[in-house]
Amino acid sequence: MTREPHPRFNIGDVVRIVDKPYHDCPFTWIDEMSDYCGEETTITDVYWYESSKTHGYSLDCDDGCCTWCENCFEPEPDIEESDSDPNILFE
């Protein structure tokens, strides 16, 4: 028996939905999902879909009505960026 991989995101994680529709979503991107583009939301459930070999996610922003894949979310930045330059001294 094959074990399902760990999901990239977990229940309670805050994610940002992509700015533009991800039409390659294995769960089908529907028009209503576009209303949430760019929003931050919380994952409320995670499911493993054996048929597509990927995790599906439910979100609080749509009351769990849609199934989202991990590519529907913006990737997390590797490094925290700052607008300030630590080499500049303030007067």
(message) Can you see whether Y22 engages D24 through a side-chain donor-acceptor pair at a distance of less than 3.5 angstrom?
(response) no

(message) Under the criterion ring-ring contact (aromatic ring centres under 6.0 Å, His included), I'd like the reasoning laid out for Y57 against F73: C-alpha separation, chi angles, the key distance, then a yes or no.
(response) CA-CA 10 Å; Y57 299 89; F73 311 128; 5.7 Å; yes

(message) Could you report the tightest heavy-atom contact between G56 and F27, atom names first, then the distance?
(response) CA-CE1, 3.6 Å

(request) Quick one: pull up OG1 in T54 and CD in E4 and give me the separation to the nearest 0.5 Å. (result) 11.0 Å

(message) If I compare all heavy atoms of K20 with all of V18, which pair ends up nearest, and what's the gap?
(response) O-CG2, 2.9 Å

(request) Determine yes or no for a side-chain-to-main-chain donor-acceptor pair under 3.5 angstrom, with T41 supplying the side chain and C61 the backbone. (result) yes

(request) State the OH-OG1 distance between Y49 and T67, to the nearest 0.5 angstrom. (result) 4.0 Å

(request) Check whether the side chains of T44 and D60 place a donor and an acceptor atom closer than 3.5 Å, and report yes or no. (result) no

(request) Go through the steps to decide whether E70 and V15 satisfy the test side chain to side chain contact (heavy atoms under 4.5 Å, CB included), and finish with yes or no. (result) CA-CA 10 Å; E70 66 183 34; V15 294; over 6 Å; no

(message) Between D63 (side chain only) and C65 (backbone N and O only), is there a donor and an acceptor less than 3.5 Å apart?
(response) no

(request) State, with a plain yes or no, whether a side-chain heavy atom of T28 is found less than 4.5 Å away from one of H23. (result) no

(message) Can you give me the closest heavy-atom contact between G64 and S58, atom names plus distance?
(response) CA-CB, 4.2 Å

(request) Work out which heavy atom in E40 is nearest to a heavy atom in V14; give both atom names and the distance. (result) OE1-CG1, 4.0 Å

(message) What's the separation between atom CZ in R16 and atom SG in C37, rounded to the nearest 0.5 Å?
(response) 9.5 Å

(request) Compare all side-chain heavy atoms of N10 with those of I43 and state whether any distance is below 4.5 angstrom. (result) no

(request) Give a yes or no answer on whether the side chain of H55 reaches the backbone of P5 with a donor-acceptor pair at less than 3.5 Å. (result) yes

(message) For T42 and D13: C-alpha separation, side-chain torsions, deciding distance, then whether side chain to side chain contact (heavy atoms under 4.5 Å, CB included) applies.
(response) CA-CA 6 Å; T42 303; D13 285 354; over 6 Å; no

(message) Side-chain heavy atoms nearer than 4.5 Å, only ILVMFWY residues, links allowed to pass through others: does that put W68 and I30 together?
(response) yes

(message) Give me the atom names and distance for the closest heavy-atom approach of P7 to V46.
(response) CB-CG1, 3.7 Å

